[in-house]
Number of protein chains: 2
Amino acid sequence: MTNPLPLKSEKPSRTTLRDVAILAGVSEISVSRVMRNAPNISDSLREKVMTAANALSYTPNRVAGALKNQTSNLVAVVLPSMSNDVFPSVLDGIETVLNEHGLHAVLGVSEYDSERELRVVRELLSWSPMGIILTGLHHSDHIRGMIAQLDIPVVQIMDVEGDPIGSAVGVSHSVAAVAAADYLHGRGYQKFGYIGAWSERPGRSRARRLAFERRLAELGTPLVASHISKDRSSAIVGSEATKALLSAHPNIDCLFYANDDLALGGLFHAMRAGIDVPGKLGLMGFNGIEIGKATPLPLTSIETPRFEMGEEAARLLLSQSSEGFRVVDLSFKLVEGGTT
Amino acid sequence: MTNPLPLKSEKPSRTTLRDVAILAGVSEISVSRVMRNAPNISDSLREKVMTAANALSYTPNRVAGALKNQTSNLVAVVLPSMSNDVFPSVLDGIETVLNEHGLHAVLGVSEYDSERELRVVRELLSWSPMGIILTGLHHSDHIRGMIAQLDIPVVQIMDVEGDPIGSAVGVSHSVAAVAAADYLHGRGYQKFGYIGAWSERPGRSRARRLAFERRLAELGTPLVASHISKDRSSAIVGSEATKALLSAHPNIDCLFYANDDLALGGLFHAMRAGIDVPGKLGLMGFNGIEIGKATPLPLTSIETPRFEMGEEAARLLLSQSSEGFRVVDLSFKLVEGGTT
DNA sequence: CCAACTGTTGGTAACGTTGTCATTTGATTG
DNA sequence: CAATCAAATGACAACGTTACCAACAGTTGG
């Protein structure tokens with residue numbers, strides 16, 4: 001009745017500023033201003049608009065807003081993996097802070113593949129995010145170029161040793177590895193082994209292993225052997241790798257693992273095999289996951305502030321325009337458990 | 001040097017279709033068509049355009065496209081939490097499938113708060129996502145209304161017992177709990193306890209507990225006691241809760257936990273306390289997390305296909321327009337470990 | 001009583017893309 | 001050879017919002 005001759009099956013379409021404006025008897029721009037809490041709005045206008053908006057249950061279309069503004073309330077977040085326990089924690093921290101500011105994360109997962117990362121970054125940037133969070137410090141010039149073109153804040157997480165594009169927040173993995181080596185050496189262990197997994201993706205675990213090896217050599221107790229499993233890191237892989245490495249090198253008296261999952265696997269193997277931990281064998285992990293604190297013998301590990309890293313990354317992103325680039329080296333904590 | 005007299009601070013702005021069109025000597029719409037692989041494009045046109053596009057390293061602006069199209073390649077994903085281990089796995093599965101289709105997840109976290117969920121859903125919907133994935137089956141009419149207005153596919157994950165908005169994929173938690181009760185009862189346990197955490201957020205753990213209790217009563221071995229910690233679920237909390245519950249009810253001979261973290265905590269407590277598991281005390285978790293398979297005594301648990309659930313959710317979303325609503329009840333698997 | 005404000009509202013033109021029409025070109029056919 | 005048709009390309013007008021002015025109503029002060 002209201003619409004004469006709706007021949008072409010009127011699509012209801014979403015309610016727009018215009019609908020609200022008409023119902024409220026004001027201009028579209030006024031509605032826009034009220035919705036955005038712009039300054040200099042009379043109470044009467046605000047009320048008229050709000051009433052109309054509620055009546056129509058109007059929701060602003062961010063897409064249009066973003067197009068006009070050349071920016072959005074989206075933040076591109078590119079992580080190498082979602083199956084590694086570390087990144088969900090970081091993402092949790094990111095989300096927590098973003099949420100407080102009405103921002104939202106658009107997720108990209110690179111699977112440690114730089115080509116895929118490039119693709120994902122391109123796709124995410126095509127959404128005009130207000131900023132981007134990347135993992136690690138190694139990114140192709142192509143990626144750097146695309147980001148530079150958009151001129152949006154960048155924060156790189158996990159690592160602080162290198163040449164950041166914008167801000168960065170993470171822990172110093174080589175320093176952590178050196179701390180681990182020093183600690184273990186100080187505990188009197190002499191014959192060290194290292195266990196990693198997933199063919200050691202080009203990540204931070206390699207940096208740790210190398211620094212660990214170097215330090216051990218300096219200390220006069222060079223690494224005896226290491227075992228890098230092809231499989232994805234897990235406690236089971238940790239058990240198997242530990243068993244394999246120990247049977248090949250029975251003289252090893254201390255194992256440093258790429259992460260706590262592997263280390264817990266090693267601990268469980270030792271328990272099953274009746275190996276005296278920490279007497280005959282020391283075990284140390286990395287990350288400080290929660291469950292490692294609950295085992296009968298709590299796992300010695302290096303605790304990294306993953307959630308806080310995410311929070312800080314989001315904060316850096318938000319403050320970058322005003323405060324410029326910053327590199328935040330969050331301190332890790334060597335947690336002495338019962339396994340060393 | 002390159003730019004003479006850029007008085008009004010030329011903003012470089014992003015390169016657009018127009019720039020490519022000019023360089024290639026064709027119309028904008030032709031560039032658009034080439035970029036989208038539209039049909040009926042001559043090879044010569046395609047080549048001209050691609051050359052120009054590469055030269056300018058042009059990336060289409062999805063925001064503009066989405067505005068015009070009223071839809072996007074974004075998928076809104078609303079999860080209750082990122083700190084619970086379950087959801088990252090599901091998200092991983094979602095991302096895996098979305099990625100294959102060039103889609104991206106925009107994340108929303110409700111923290112089990114329906115008001116916050118409402119806000120998040122509203123914000124995400126304002127991005128004209130091509131679909132939305134929600135957790136659980138209980139959503140306010142307000143949310144249902146907003147989604148209906150946009151007329152986009154919905155998939156609800158985790159649960160299948162209830163009245164879905166669109167498609168749904170999950171496991172039947174009450175059936176799983178009954179299976180657990182039957183199994184444990186069949187193993188000869190008589191005095192049952194239940195341990196939960198985080199004040200049992202209105203989630204699926206409550207459904208499991210209630211079904212578990214009901215079934216035990218039917219079997220003639222009603223629940224002796226339960227302990228719901230206020231703290232967030234973790235292995236440590238599991239240890240403490242187990243200790244507390246057992247000292248208050250020393251006759252309990254079997255514990256069913258809300259999840260594997262708690263259960264592992266219980267197992268570790270038993271190991272420390274020298275309790276004979278599974279002889280004097282049976283322990284059973286829920287979810288089937290990886291680490292539970294590596295413990296000296298593998299944890300009996302109900303394995304839920306979390307990653308697959310995410311994959312299936314994404315698939316359902318993509319196929320919904322063509323195939324209509326579907327409810328997919330993924331089967332859980334009772335994994336008998338050494339703790340029962 | 002007018003000039004110069006301040007505070008409030010509105011009109012218009014983008015933002016970059018794509019659907020819906022033309023329109024052009026070349027090939028095919030009676 | 002004109003008529004017909006399909007394939008290829010282009011012009012134009014949206015999509016819904018907001019930046020940038022312009023306009024207007026009150027005040028204030030000289």
* C/dT8, C/dT17, D/dA7: which one has an atom nearest the side-chain heavy atoms of A/Asn40? -> C/dT8
* Structure fact -> dist A/Met50:CE -> A/Asp43:CG (nearest 0.5 Å) comes out at 12.5 Å
* Heavy atoms from other residues, nucleotides or ligands near CD of A/Glu100 exceed 12 (cutoff 6.0 Å) -> yes
* Asked: Does atom CE of B/Met35 have more than 12 heavy-atom neighbours from other groups under 6.0 Å away?
  -> yes
* Atom CE of B/Met146 and atom CG of B/Leu118: how far apart are they, to the nearest 0.5 Å? -> 5.0 Å
* Asked: Does a nitrogen or oxygen in the side chain of A/Asn69 sit under 4.0 Å from OP1 or OP2 of D/dA19?
  -> yes
* Can you tell me the distance, in whole Å, between the CG atom of A/Leu45 and the C1' atom of C/dG7? => 12 Å
* Quick one: is D/dT17 close enough that its OP1 or OP2 comes under 4.0 Å of any side-chain N or O from A/Ser32? -> no
* Roughly, in whole Å, what's the span from CZ in A/Arg18 to P in D/dT17? -> 11 Å
* State the CG-CZ distance between B/Leu56 and B/Arg14, to the nearest 0.5 angstrom. => 13.0 Å
Contacts under 3.5 Å, N or O only, protein and nucleotides 23-28 of chain C:
none

* Nearest-angstrom distance from the residue atom CD1 of B/Ile41 to C1' of D/dA6 -> 15 Å
* **Rounded distance [0.5 Å steps], CZ in B/Arg306 versus CG in B/Leu330** => 12.5 Å
* Asked: Rounded to whole angstrom units, what separation is found between the CG atom of A/Leu17 and the C1' atom of D/dT18?
  -> 9 Å
* Asked: Going through the distances and angles, do B/Asp92 and B/Thr96 end up as a side-chain contact (heavy atoms from CB on, under 4.5 Å)?
  -> CA-CA 6 Å; B/Asp92 195 10; B/Thr96 301; 3.9 Å; yes
* Can A/Arg119 and B/Asn99 be counted as having a side-chain donor-acceptor contact under 3.5 angstrom? -> yes
* Is any side-chain nitrogen or oxygen of A/Gln70 closer than 4.0 Å to OP1 or OP2 of D/dT18? -> no
* Asked: What is the distance from atom OG1 of A/Thr135 to atom CD of A/Glu117, rounded to the nearest 0.5 Å?
  -> 7.5 Å
* D/dT9 phosphate, OP1 or OP2, under 4.0 Å from B/Ser42 side-chain N/O -> yes
* What integer distance in Å separates B/Asp19:CG from C/dT17:C1'? -> 13 Å
Listed pairs, N/O of protein and of nucleotides 11-14 of chain C, under 3.5 Å:
residue	atom	partner	partner atom	Å
C/dA14	N3	A/Lys68	NZ	3.2

* Distance-minimising heavy-atom pair for B/Thr16 and B/Asp19 -> N-OD2, 2.7 Å
Which pairs would a plain distance check flag for residues 125-133 of chain B, meaning a side-chain donor or acceptor within less than 3.5 Å of a matching protein atom at least two apart in sequence or in another chain?
residue	atom	partner	partner atom	Å
B/Ser126	OG	B/Glu123	O	2.6
B/Trp127	NE1	A/Asn73	OD1	3.1

* Will you find, in the side chains of B/Glu95 and B/His104, an N or O donor that is under 3.5 Å from an N or O acceptor? -> no
* Quickly work out the B/Leu67 CG to C/dC15 C1' distance and round it to whole Å. => 9 Å
* Structure fact -> For B/Arg144, the salt bridge (Lys or Arg N to Asp or Glu O under 4.0 Å) test, sequence neighbours excluded, returns B/Asp163
* Does A/Arg326 CZ have over 12 foreign heavy atoms under 6.0 Å away? -> no
* Taking five pairs at each end of the helix from C/dC1-D/dG30 to C/dG30-D/dC1, what angle separates the two helix axes (nearest 10°)? -> 50°
* Heavy-atom contacts under 4.0 Å between residues 55-63 of chain B and DNA chain C, which residues? -> B/Tyr58, B/Pro60, B/Asn61
